[in-house]
Amino acid sequence: MLGNKAVNEKNHLEIAGCDVVLLADKLGTPLYVFDEALLRENMREYKKVFEERYPEVSIAFAGKAFLCSAMCRVLGQEGLWLDTVSGGEYYTALGSGFPMEQVLFHGNNKSPEEHSLVLKNGIGRWVIDSESELDLLIEEAQKYERGKLPVFFRITPGIDPHTHAFITTGKVDSKFGLPLMEGIALLVVQKALSCGYLDVKGIHCHIGSQIDTLEPFGKAIEVMVRFLAEVGEKTRCLLPELDLGGGLGVPYLDEDKGRFPSVESYAEIICGAVKENCQKYKVPLPHLFVEPGRSIGNTAGSTIYRVGTVKEIPGIKKYVAVDGGMADNPRPVLYDAKYQSLVGNRVLGGGKEKVSIVGKCCETGDVIIGDTELVPVMRGDVLVVEGTGAYNHSMASNYNMIPRPGVVFIREGKPVLVVRPESWYDLTRRDIIPDYLQEEGE
Ligand code: LLP
């Protein structure tokens, strides 16, 4: 089992002290469930292990992993920064009362509307992704009312983190960031420094996600610190901050628990490598930022489904269909991601059988777990898929016009609704029947 789960006397699964059967009965399924205490514990752990090892550090949660207004409140209370990547994420933070001077704004193609929203309401660090973005921003920053606009530059350090190709972002051939080759990044930083309207705080990189070894982080740090030194040498300006993105992988399966570095060993490597390279390249220690997403949210989240059809094809397979699927968890079909599950109303029991857990979408690839062993399952059972706290709610869609699930936080053993489930009404709320399609004479 992942996270803080237990089996009660009824043989039901409890998440953070809350019976999942009661949750399913009371709030309906599918439902994303977060253990709020574990979310906070993960945030505090990040702060603690970095602060113990490094003089100045900010932890910015990557909102793309999971974001809603209540999450912004929790992040604010825990003193984290927030990494946003769209006007929508930024708007969520703004509306929740999050301190906007602790928000980072990323994106490789920020829209004019996003530019004006962010410039109007203020930002902690704007992460410039390309020269064409810089050119626009120099114009706009002249009108920024809060002083010089604080910016980072996203650099592609040319490191391959050996994770899934779709979540590899720091290689030279990437849509993100400025390459170091042929002095491209240096020229862009120089341009920003000389324009007079930007407060160039530092540089940023994010090499990828779900990374299971620490070595690529060390390599990226060397490249980034070497570049800080080069900027210092060529411009006489020592940039005071370094943002190393996120990317620490987490186990999705019990058998993978030993395979991923702990947050503490990640901090040890990161802080050690920054210090070592700053000494080597003779630059002062920068204020450090990291942007964890998955490693804060994932284990704290689970999805609760209700089992519907159970179908056995003799000698071939038993299919267990739940009332959600690729619409609320597209990760198996996108990244071949693996999950584990439990029967929430009958956790322990002998006679396990092999089944495939599938969703209700009209698509053969709508498989949540291809092959798993479960206690015999029947219609009406509650099925819990673990480790869905990152990139599930945030990547959910309305494919097949399926309403997206709600989100609850379990706080002190009690469920608190933080995102209401969508209804069928929500699905057609934006539809317009134009005049020419209205029936005549109506
Ligand atoms: N910072 C930046 C600039 C990022 O692009 C990302 C993730 C993060 C931080 C957080 O990375 P994490 O600590 O969560 O690995 N949809 C994919 C993951 C895409 C990650 C994109 N960037 C998935 O479901 O696996």
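Order of listing sets the numbers, starting from 1, for every ligand and every atom in it. These numbers come from the heavy atoms of this one structure, side chains and all, not from hydrogens, waters or symmetry mates. Along the sequence shown, the residues carry numbers beginning at 1.
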Ligand 1 atoms in contact with Arg154 (distance to a heavy atom under 4.0 Å):
3 (C)

Take every heavy atom of Ala65, measure it against each atom of ligand 1, and state whether any distance is under 4.0 Å.
no

Are His204 and His106, when compared by the centres of their aromatic rings, separated by less than 6.0 Å?
yes

Lys64, NZ: over 12 other non-hydrogen atoms inside 6.0 angstrom:
yes

Would you please test Lys5 and Ser302 for side-chain contact (heavy atoms from CB on, under 4.5 Å) and show each step?
CA-CA 10 Å; Lys5 299 198 179 74; Ser302 309; 3.3 Å; yes

For ligand 1, which atoms have a heavy atom of His204 less than 4.0 angstrom away?
3 (C)

Using a heavy-atom cut-off of under 4.0 Å, does the side chain or the backbone of Tyr335 touch ligand 1, or both, or neither?
side chain

Going by the rule side chain to side chain contact (heavy atoms under 4.5 Å, CB included), which residues pair with Asp256 if we only count those two or more places apart in sequence or in a different chain?
Pro251, Leu253, Arg259, Phe260

Taking the basic N atoms (NZ, or NE/NH1/NH2) and the acidic carboxylate oxygens, is any pair closer than 4.0 Å for Asp135 and Lys191?
yes

Quick one: look at Asp83 and ligand 1, take heavy-atom pairs under 4.0 Å, and tell me if it's side chain, backbone, both or neither.
side chain

side-chain hydrogen bond (donor to acceptor under 3.5 Å, both in side chains) partners of residues 260-278, not counting sequence neighbours, each pair once
Arg53-Glu264, Arg53-Glu268, Ser262-Ser265

Below 4.0 Å from ligand 1: does a non-hydrogen atom of Pro292 turn up there or not?
yes

Show me which atoms of ligand 1 lie under 4.0 Å from any heavy atom of Gly293.
12 (P), 13 (O), 14 (O)

Check this for me - ligand 1, Ser295, N or O atoms closer than 3.5 angstrom, yes or no?
no

Are any of the N/O atoms on Arg331, whether in the backbone or the side chain, positioned under 3.5 angstrom from an N/O atom of ligand 1?
yes

Ligand 1 atoms in contact with Ala62 (distance to a heavy atom under 4.0 Å):
8 (C), 9 (C), 10 (C)

Taking the six-membered ring for Trp, are Phe66 and Phe34 ring centroids under 6.0 Å apart?
yes

With atoms numbered from 1 as shown, which atoms in ligand 1 lie under 4.0 angstrom from a non-hydrogen atom of Ser209?
11 (O), 12 (P), 14 (O), 15 (O), 20 (C)

Can you name the atoms of ligand 1, numbered from 1 with element, that are less than 4.0 Å from a heavy atom of Met395?
16 (N), 24 (O)

Using a 4.0 Å heavy-atom cut-off, which part of His206 comes near ligand 1: side chain, backbone, both, or neither?
side chain

Below 4.5 Å, heavy atoms only, C-beta onward: do Tyr197 and Leu137 meet side chain to side chain?
no

For Glu291, counting its heavy atoms only, list the atoms of ligand 1 lying under 4.0 Å from any of them.
1 (N), 2 (C), 3 (C), 8 (C), 9 (C), 10 (C), 13 (O)

Relative to each other, are the rings of Phe289 and His287 parallel, tilted or perpendicular (30° and 60° limits)?
tilted

